[in-house]
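Working notes, structure below.
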Amino acid sequence: MKMSERLSDYSLQKKIVQGRNGGLQKVGLIGAGGLGQEIIRSITRQGIEVVFIDKSEELIVQIMESIGRQLDETINKWGITGSEKRAILSRIQGSTDFNDIRECDLIIETIHRKGRGTSLLDRKEVFKKLESIIDTKTVIASNNATLMISDLASALSHPERAVGLNFITPVSKVGIVEVIRGLDTNDESFDFAIRFIKMLDKRPITLNESLGNISTRLIVTLINEACEILMEGVASINCIDDTMKLGYGLQLGPFELADRVGLDKVQKWMDNLYFEYGEQKFKPSPILKRMVRANHLGRKVGMGFYKYEHHKIVSQAITTTDYI
Amino acid sequence: MNIIVINCGSSSIKYQLFDMTKNEVIAKGQVDKIGLHGSYIKHERKDGDKVRLEGEIVDHQIGIEYMLGILISKKRGSIKSFDEIHAVGHRVVHGGEKFQSSALIDESVMAGIKDCVDLAPLHNPPNLKGIYAMQSLLPNVPQVATFDTAFHQTMPDYTYMYAIPYSLYAKYGIRRYGFHGSSHRFVSNRAAKILNTYLKKLKLITCHLGNGASITAIKDGGSMDTSMGMTPVEGLIMGTRTGDLDLGVLTYLMSKEEIGVQAANTLINKHSGMVGITGVSSDMREIEKAAFEENNERAGLGLKMYHYRIKKYIGAYMAAMGGADAIVFTGGIGENACDSREEICKGLEFAGVEFDIEKNEATRGTEAIISKENSPVKVMVIPTNEELVIAEDTARIIEEIK
C-alpha cells in the first residue's frame with residue numbers, strides 16, 4: 001500500500017475531506033478536579049477522546065491514577081468490563097501545555113477555586129488564553145453552577161462561541177446536563193453543545209442564563225430551608241431527610257445532598273446567588289457557615305451533617321439541641 | 001445480477017458485493033470505529049487486492065459513501081458505475097411479529113422496523129441508518145431487509161410465550177423471538193441438501209456456536225423452538241452472557257450489590273458466561289488452552305458447563321420433536337472446536353447418536369458428516385453463510401417484482 005493513498009480519495013462528494021466537519025471526536029478539558037474527572041469518564045466512555053490540562057506533571061499522574069481507581073470501582077459494581085476500562089484510559093491524555101488542545105472540537109473549562117470568593121477572574125484568564133490557541137469557531141464551554149456565561153464570554157473576541165454547561169454529580173448517574181445560552185451565544189454553538197450532551201447519552205436541559213440555573217437555585221433553597229427547620233429545633237436531620245425522601249421520592253434528603261456536594265461548595269453557591277439576587281432565601285444559614293468554618297465539609301472529610309466511615313453514613317453528626 | 005449486502009452495527013458496517021449470476025463474492029470489507037477516533041475501512045477484492053484506509057468517518061452515511069467510492073474506483077474497485085449494483089440487502093436484527101420473511105423495503109416496512117426499535121434498542125437503529133444512507137445514495141436501487149428473527153416466526157405459541165401475565169405480552173410484545181435466524185435457516189437447508197431429502201421431512205437440531213450462541217429445533221421445515229428469547233441473553237452459555245439464569249438471582253444481586261438496571265444489564269451481558277466463570281477469557285481457544293495445558297480448574301469447569309448446557313438443550317429438543325434426524329454444528333466454535341463437539345455428543349448413543357471421533361477430529365471449518373456411516377442420528381458440521389442468505393433473499397424478491 002502506498003502512503004499517498006488516502007481515504008478521502010474515495011469520497012463521492014468532494015466536500016467530504018479530512019478535517020473538521022462538525023464531527024466531535026476530541027474534547028479538551030481545563031482543570032481535572034473531582035467533577036472534571038467525572039466528566040472525563042462520561043465522555044471517554046462514549047468513545048470520544050479527551051485531552052485534559054492541569055497544573056503539573058505530578059498532578060496529571062495523580063489524576064490518571066484517580067480515574068483508574070474510579071473505573072475499577074465501576075468494574076467492581078459490574079458497570080463496565082476490564083477491556084472497556086483499558087479502552088477508556090487509552091482515550092485520555094493529560095498535559096500541562098495548552099497547545100495540546102489545539103486540535104480539539106470542543107473545550108470545557110472546569111477549573112475550581114479553593115476557598116472563598118468566585119473563580120470568575122481565573123476562568124476569564126483561561127478563556128483568553130484558550131482563544132489565543134484554538135480555532136475561532138471552536139466552542140468553549142464553561143462548567144459552573146453560579147457564574148454567568150456572558151461574564152466569561154466578555155473576555156473573548158468571539159463571545160458567540162461560549163456556552164454554559166452544568167454537570168451534576170455523580171455525572172455517570174445523573175441523566176441531565178443544563179446547557180446555558182448566554183447573551184451572545186449563537187445557534188451554531190448552542191446546537192453543538194446540545195449535540196455533545198446527547199452524545200453522552202444524557203438529556204440536555206436548555207435554558208437562558210440565570211445565575212444558579214434551574215438546579216442550583218432550587219437545591220440551595222431546599223438545603224437552606226432544611227437548615228432553618230433544624231435550627232428551629234423542629235425536627236432531627238434524619239426526620240427531615242426521610243420526609244423528603246419517603247414523602248416526595250427524592251433520592252437523597254437535603255442534608256445528605258449537602259454533605260455529598262460539600263458544604264463549602266454549597267455555601268459558595270449561596271454566597272454567589274445572594275450576591276446576585278440579594279434575596280434572603282439564598283443567604284447561607286448560620287449552621288452551614290459554622291460547619292464550614294469548623295471544616296465539617298461533608299462526606300469528603302468524613303464529617304458534615306452526618307458522620308461517615310468509608311463514605312457511608314454511620315450516624316447523624318449533630319442533634320438539634322447542639323445548635324439551639 | 002450484483003447485490004450488495006450490508007450489516008450495520010453501532011459503530012461498524014460489514015459489506016459484501018455478490019455476483020449472483022456467477023454465485024461469487026466480488027468484493028467485501030468492513031468500515032469500523034464509525035464516529036470514533038481511528039475510524040477506518042478495510043476492503044478486499046476477489047483477486048486478493050487488499051487495502052486498509054484510515055480517516056474521519058463520522059457516521060454510517062459517510063462510511064457507506066466511502067465504501068461505494070472504493071467499489072467504483074479504478075484502483076481498488078470492482079464495478080464501473082452504480083448501475084452495476086442491482087439491489088441492496090440489509091441485515092435487520094429485530095423484525096418483531098411483523099416480519100415472517102425478508103421484505104422489500106418501502107415506507108410501511110420502514111415503519112415496521114422502527115416499531116421494533118424498542119425490542120432491539122442497540123441493533124435496529126444502526127440497521128435503519130444503513131437503510132437511510134443507501135436510500136439517499138442509491139435512490140433507484142431496490143432494497144430488501146432480512147430479519148434475524150424472521151425464521152423463528154414459525155414457533156408455536158406454547159414455545160414462544162413466557163409465563164408472565166398475558167397482558168404484558170399484549171402490551172409490550174414480550175415473548176421469545178430468537179436470533180441467528182439466517183444462520184439456522186442456511187445450515188438447515190444445506191443439511192437437507194446434503195442428506196438428499198426435503199427439509200420438511202427432517203427433524204433437525206442446529207447449534208450456532210459463536211461468540212453468541214443459540215440452538216434451534218427445526219421441524220416441518222421451520223423453527224419450532226430456539227434457545228434465545230426476547231433478547232439474545234437467554235439459552236446457552238456464551239462468551240460473556242449468562243444464558244438461562246434463575247430470575248431470582250438477578251433481583252437478589254441487584255439488591256445485594258446495589259446496582260441499577262444498566263449495571264445489571266452489563267453484568268449479565270458482558271461480565272458473565274465463559275469469561276465470568278473461567279476468569280480467563282471469552283475466547284474458547286484460550287479457555288481450552290488454560291484447561292488442558294495449564295490445568296486451570298475454573299477453565300475446566302467452564303467448559304463442562306458450556307457443553308452440558310448444549311447437551312441438555314439437545315435432549316430437550318429431541319423430546320420436543322420426538323427425536324431428531326441430525327444435529328448440525330455451525331458458527332466459529334461449532335465449525336472448528338472438535339473437542340467441544342465430541343464432549344457435547346458424548347453419551348448420546350442412547351438417543352441414536354453414533355459419533356465418529358476420527359471424522360470429527362479431521363473436520364475444521366468444512367462441511368462434513370461426523371457421525372458413523374449408519375448412525376440413526378447424523379451429526380454434521382456446516383459452515384454458515386448469513387450474507388449469502390441475505391443476498392439470495394434479495395435476489396428472489398427482486399425477481400418477483402420484475
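Side chains included, hydrogens not; waters and symmetry mates left out as well; all remaining heavy atoms used. What you see is a predicted model; the values in this text were computed from it and never measured.
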Practice task
Look at atom CD of Gln251(A) and say whether more than 12 heavy atoms of other residues, nucleotides or ligands are closer to it than 6.0 Å.
Solution key: no
Problem - Residue Lys289(B) excluded, over 12 heavy atoms near NZ under 6.0 Å - result: no
Practice task
Answer with side chain, backbone, both or neither: which region of Leu267(B) has an atom nearer than 4.5 Å to a non-hydrogen atom of chain A?
Solution key: both
Exercise for the section: Give a yes or no answer on whether the side chain of Asp259(A) reaches the backbone of Tyr306(A) with a donor-acceptor pair at less than 3.5 Å. Expected result: yes
Exercise for the section: May I ask you to decide if Val31(B)'s main-chain N or O and His43(B)'s side chain share a donor-acceptor pair within less than 3.5 Å? Expected result: no
Problem - Contact class of Glu84(A) relative to chain B, heavy atoms under 4.5 angstrom - result: side chain
Problem - chain A contact via Ile259(B) - side chain, backbone, both or neither, heavy atoms under 4.5 Å - result: side chain
